[in-house]
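Atoms within each ligand, like the ligands themselves, are counted from 1 in listed order. As the structure is a prediction and not an experimental result, all values here were calculated from the model.
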Amino acid sequence: MIEESSLRNAESLIRFGTEKLSSISDVPRLEAEVLLSNLLKINPIKFHTEDIGISPNVMDKFESMIESRFKGIPIAYLIGKKEFWSLSFEINSSVLVPRPETELLIENAIELLKDQESPKILELGTGSGIVSIVLHKELLSPEITATDISSEALYVAKNNAHKYRITDINFLVSDWFSEFKNEKYDLIISNPPYVDKTKLSNEELFSIGMEPDIALYSENDGTSDLEFIIRNSSMFLEHGGWLMLEHGYDQADYCMREMRTAGYSKIKKSKDIQDIPRTISGTFLNE
Ligand SMILES: C[S@@+](CC[C@H](N)C(=O)[O-])C[C@H]1O[C@@H](n2cnc3c(N)ncnc32)[C@H](O)[C@@H]1O
C-alpha cells in the first residue's frame, strides 16, 4: 500500500513505482514513467520540467498498474498499445506484443515486392495485424488476406486497420490453410508460434508468460507450425511466389533443410541487428 500522505506529486509516485519494479525490470523508472504518463495523458518529459499534482484516483490506478506489472503483465497490455514501425497499435492480452525482430520480416517483404503493382499476399497468424497493416502502407496497392485462428486476435487486427483507415485487408479466421482451396499468392508471410516452452528459463517464462500460449508455443522443439507452413505453402503460391518466415534464434538451419526438402529455391536467411538469424525466404517454381 502507498502511504497517501507521502505521495503528493508525480515524482514521488514514480519513485515508488521504480522501487517496486526494480526487481523485475532493467528499466524500472522508464516503465513507471510510461505507466503514469499514460494515466495522466501527458508527455513524460513533463515529469522532468514540472511539479505535477496527483489525485487519489490516479494514485489508486497507478498502484494497481504497478502491481500488475510486478506480476509480469506486459506494459503494452496495461496501456493498451505498442509502438511498431513508428506507428501505434492497439494491443490487448489476445495478441502477441509486437517484437522489434518482426520489422526484419517486413523489411525483407518490402524489398521483395516494392516494385510490384498489386501483389497478392497471404499473412498467416496476423495477431494484432502489424505485418499486414505495415505492408499495406508500404507497398503498391497490395491485395492482402490476413488470417488467424483466434477471432479475438482478428478483432484487434481489424481495429488497428480501421485506425489507419485501411478497409481492404481481408481478415479471415483460419487454422493455417483450412479455409483455402485454390487461391494463389505472390507471397505467403508468417511469424508463427516457434517457442519451445520446455526450454524456457523462469526469467523468460516471467517475461512472456502472460502472452497467449497459442501465439508463442509450438510442439517438437518449437518447430511444428514452421514445418506445417513450409510443407503446405507451395500449393498456395503462384509460379515463382515466395514464402517468408520469422523463426527462433536456433531454427534457421532447420528451416533451411525443410524448405529445401519442400522444393524451394533461392533460399535465403536474414540476420537481425544482433547478428542472429531471424527470417528465411525461398521461392517456389511450379513444374
Ligand atoms: C507469433 S504470433 C504473431 C502475431 C503477429 N503476426 C506479429 O508478428 O506480432 C503468431 C500468431 O499465429 C496465430 N496462430 C497460432 N496457431 C495458428 C493456427 N493454427 N492457424 C492460424 N493462426 C495461428 C496466433 O493466434 C498468433 O496471433
Side-chain angles (χ1 to χ4, degrees), residues 74-77 81-110 121-138 144-161 166 169-180 183 185 187-197 200 204 207-220 222-233 236 243-249 251 255 270 272 278-281:
I75 288 269
Y77 291 170
K81 62 186 176 186
K82 175 80 183 171
E83 295 291 313
F84 180 86
W85 202 268
S86 303
L87 301 168
S88 175
F89 288 93
E90 173 190 320
I91 297 297
N92 67 27
S93 58
S94 312
V95 297
L96 187 87
V97 178
R99 306 292 204 267
E101 299 91 276
T102 305
E103 295 202 346
L104 179 66
L105 185 73
I106 296 175
E107 282 163 16
N108 290 344
I110 294 172
I121 299 171
L122 170 60
E123 188 198 358
L124 301 172
T126 194
S128 58
I130 52 164
V131 173
S132 288
I133 290 169
V134 173
L135 289 179
H136 192 283
K137 289 177 90 65
E138 301 286 345
I144 302 178
T145 296
T147 68
D148 207 288
I149 198 167
S150 155
S151 50
E152 290 84 3
L154 282 181
Y155 181 78
V156 176
K158 283 179 195 168
N159 278 351
N160 279 319
I166 295 171
I169 294 178
N170 176 24
F171 289 105
L172 195 68
V173 176
S174 180
D175 179 357
W176 299 137
F177 296 102
S178 67
E179 299 304 307
F180 294 81
E183 300 83 345
Y185 296 89
L187 172 68
I188 296 177
I189 189 166
S190 185
N191 172 18
Y194 54 68
V195 177
D196 178 356
K197 194 172 189 177
L200 291 180
E204 285 167 327
S207 88
I208 63 174
M210 299 288 176
E211 294 176 81
D213 282 7
I214 197 152
L216 290 168
Y217 305 120
S218 196
E219 301 292 312
N220 293 334
T223 61
S224 272
D225 292 291
L226 286 162
E227 179 188 287
F228 186 85
I229 293 171
I230 292 172
R231 292 193 181 173
N232 290 281
S233 285
F236 302 97
L243 173 63
M244 201 171 266
L245 297 168
E246 180 173 321
H247 55 69
Y249 69 94
Q251 294 167 336
C255 289
S270 303
D272 64 15
R278 277 288 172 194
T279 70
I280 193 151
S281 61

Problem set entry | N or O pair under 3.5 Å between T147 and ligand 1 | no
Problem set entry | Atoms of ligand 1, numbered as shown, that sit under 4.0 Å from any heavy atom of S174 | 20 (N), 21 (C)
Exercise. Can you check whether E123's main-chain N or O pairs, donor with acceptor, with T147's side chain at less than 3.5 Å?
Worked result: yes
Exercise. Side chain, backbone, both or neither: which part of A215 comes within less than 4.0 Å of ligand 1 when only heavy atoms are counted?
Worked result: both
For this session: Walk me through it: do V97 and R99 pass the test side-chain contact (heavy atoms from CB on, under 4.5 Å)?
Result: CA-CA 6 Å; V97 178; R99 306 292 204 267; 3.6 Å; yes
For this session: Step by step, work out the side-chain contact (heavy atoms from CB on, under 4.5 Å) result for Y249 and D272.
Result: CA-CA 10 Å; Y249 69 94; D272 64 15; over 6 Å; no
Problem set entry | Closest protein heavy atom (residue, atom, distance) for atom 5 (C) of ligand 1 | T126 O, 3.3 Å
For this session: Measure the distance from atom 16 (N) of ligand 1 to every protein heavy atom, then report the residue, atom name and distance (to 0.1 Å) of the closest one.
Result: W176 CZ2, 3.6 Å
Exercise. Which residue and non-hydrogen atom of the protein lie closest to atom 19 (N) of ligand 1, and at what distance in Å?
Worked result: D175 OD1, 2.8 Å
Exercise. Sub-3.5 Å donor-acceptor pair from the side chain of S174 to the main-chain atoms of E179, do we have one?
Worked result: yes
Exercise. What distance do F177 atom CZ and I188 atom CD1 have between them, rounded to the nearest 0.5 Å?
Worked result: 4.5 Å
Exercise. More than 12 non-hydrogen atoms from neighbouring residues, nucleotides or ligands closer than 6.0 Å to OH on Y155, yes or no?
Worked result: no
Problem set entry | Of the listed options L154, I149, D148, I130, closest to atom 24 (C) of ligand 1 (non-hydrogen atoms) | D148
Exercise. What part of N191 sits under 4.0 Å from ligand 1 if we count only heavy atoms: the side chain, the backbone, both or neither?
Worked result: both
Exercise. Based purely on interatomic distance, does S128 place a nitrogen or oxygen under 3.5 Å from a nitrogen or oxygen of ligand 1?
Worked result: no
Problem set entry | Polar contact flag for S150 and ligand 1 (N/O pairs, less than 3.5 Å) | no
Problem set entry | Selected option - heavy-atom contact closest to atom 12 (O) of ligand 1, from A157, G125, S151 | G125
Exercise. Side chain, backbone, both or neither: which part of T102 has a heavy atom under 4.0 Å from ligand 1?
Worked result: side chain
For this session: Would you please determine whether A153 falls within less than 4.0 Å of ligand 1 on a heavy-atom basis?
Result: no
Problem set entry | Short side-chain to backbone donor-acceptor contact, S132 and A146, under 3.5 Å | no
For this session: Quick one: look up the protein heavy atom nearest atom 15 (C) of ligand 1 and list residue, atom name and how far away it is.
Result: I214 O, 3.2 Å
For this session: Using the side-chain contact (heavy atoms from CB on, under 4.5 Å) rule, take T279 and M244 through it: C-alpha gap first, then chi angles, then the decisive distance, then the call.
Result: CA-CA 7 Å; T279 70; M244 201 171 266; 5.5 Å; no
Exercise. Could you go step by step and tell me if T223 and Q251 meet the side chain to side chain donor-acceptor pair (under 3.5 Å) rule?
Worked result: CA-CA 8 Å; T223 61; Q251 294 167 336; over 6 Å; no
Problem set entry | Side chain, backbone, both or neither: E123 near ligand 1, heavy atoms under 4.0 Å | side chain
Problem set entry | Exceeds 12 heavy-atom contacts within 6.0 angstrom, atom CD of E204 | yes
